[in-house]
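Because only heavy atoms are used, hydrogens play no part in the values below, and waters and symmetry mates are left out as well, while side chains stay in. The first residue in the sequence is number 1, and the count goes up from there.
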Amino acid sequence: IERDHPLMTEWVEQFLAFLNGWQPPFDLPLDVQATAFQLRVWQTLLAIPYGETRSYREIAEAIGQPTAVRAVANACAANPVPLVVPCHRVIRSDGDLGGYGLGVERKRALLDQEHELTQRQTEA
């Protein structure tokens, strides 16, 4: 580990920008362990636009496995990089937030922040 490495500074800035309401395209080197199913789910999550949500069922349908709703939820729960792969954008079909590895309150805050920013951009 090298202190104050320029790339580390850039990666930290990407996260801080995201947490401050900007939608950066995360450009981080990732080496995550995952099953083929988890990777398919996570790739689908990456396609959810900032400020939008999808249901677990919609994700299951998008990957061609409409009965795999619970498995999609488990893949979201296993996501080791929840801000980079936006599992907070996946909610229950009834509109309930469901769970989130970083806590439901944080999930709510992230969704509210994204919704608020996209509303301001639409109005501008």
Side-chain angles (χ1 to χ4, degrees):
I1 298 174
E2 187 175 321
R3 184 181 175 112
D4 296 330
H5 189 281
L7 281 177
M8 183 63 84
T9 301
E10 180 183 327
W11 299 331
V12 169
E13 288 173 355
Q14 287 180 42
F15 278 106
L16 292 175
F18 176 82
L19 293 172
N20 286 317
W22 184 66
Q23 322 107 1
F26 286 112
D27 184 22
L28 307 169
L30 298 176
D31 182 20
V32 295
Q33 300 294 314
T35 66
F37 180 84
Q38 288 170 331
L39 287 175
R40 286 188 9 239
V41 169
W42 298 344
Q43 289 168 341
T44 304
L45 300 185
L46 290 169
I48 302 173
Y50 187 93
E52 293 185 21
T53 60
R54 301 290 184 271
S55 71
Y56 294 101
R57 181 169 309 285
E58 288 173 313
I59 300 299
E61 290 170 355
I63 64 170
Q65 292 190 258
T67 61
V69 176
R70 188 170 297 227
V72 167
N74 288 334
C76 290
N79 176 4
V81 286
L83 292 178
V84 178
V85 177
C87 55
H88 65 277
R89 295 183 188 148
V90 185
I91 61 173
R92 292 181 177 172
S93 295
D94 64 4
D96 185 74
L97 293 184
Y100 186 57
L102 298 176
V104 175
E105 287 307 311
R106 184 165 288 139
K107 182 176 186 172
R108 183 182 330 280
L110 288 168
L111 291 174
D112 288 349
Q113 171 183 299
E114 290 184 10
H115 179 74
E116 190 175 303
L117 182 62
T118 55
Q119 288 290 60
R120 281 188 296 197
Q121 290 173 342
T122 302
E123 294 169 359

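- Linking Ile, Leu, Val, Met, Phe, Trp and Tyr whenever their side-chain heavy atoms come within less than 4.5 Å leaves Tyr56 and Val104 in two separate clusters.
- No single ILVMFWY cluster, assembled from side-chain heavy atoms under 4.5 Å apart, contains both Leu111 and Val90.
- The shortest non-hydrogen separation linking His88 to Pro82 is ND1-O, 4.0 Å.
- Counting all heavy atoms, side chain and backbone alike, Ala68 lies closest to Ala60 at C-CB, 4.0 Å.
- In this structure, the side chains of Asn79 and Val41 stay at 4.5 Å or more apart for every pair of heavy atoms.
- Cluster annotation: Val69 and Tyr100 are assigned to the same hydrophobic cluster (Ile/Leu/Val/Met/Phe/Trp/Tyr, side-chain heavy-atom contacts under 4.5 Å, transitive).
- Ile91 is not connected to Leu83 by any chain of hydrophobic side-chain contacts under 4.5 Å among Ile, Leu, Val, Met, Phe, Trp and Tyr, and they are in different clusters.
- The distance from atom OG1 of Thr118 to atom CD of Glu123, rounded to the nearest 0.5 Å, is 9.5 Å.
- Atoms CD and CD, from Glu52 and Glu114 in turn, are 10.0 Å apart once rounded to the nearest 0.5 Å.
- Residues Ala78 and Gln38 share a closest heavy-atom pair of CB-NE2, 3.4 Å.
- Of all heavy-atom pairs spanning Pro49 and Arg54, the tightest one is CD-NH2, 3.6 Å.
- For Arg40 (side chain) and Ile63 (main-chain N/O), a donor-acceptor pair under 3.5 Å exists by modelled atom type.
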For this session: Go through the steps to decide whether Glu105 and Arg108 satisfy the test salt bridge (charged side-chain N to carboxylate O under 4.0 Å, His left out), and finish with yes or no.
Result: CA-CA 5 Å; Glu105 287 307 311; Arg108 183 182 330 280; 3.6 Å; yes

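- Of all heavy-atom pairs spanning Ala71 and Phe37, the tightest one is O-CE2, 3.5 Å.
- Contact of the Arg120 side chain with the Leu117 side chain is registered, since non-hydrogen atoms from C-beta on lie closer than 4.5 Å.
- No side-chain heavy atom of Val81 sits less than 4.5 Å from a side-chain heavy atom of Trp42.
- Among all heavy-atom pairs drawn from Lys107 and Gly99, the shortest one is NZ-O, 3.0 Å.
- Looking only at distances, a side-chain donor or acceptor of Arg89 sits under 3.5 Å from a matching main-chain atom of Ile48.
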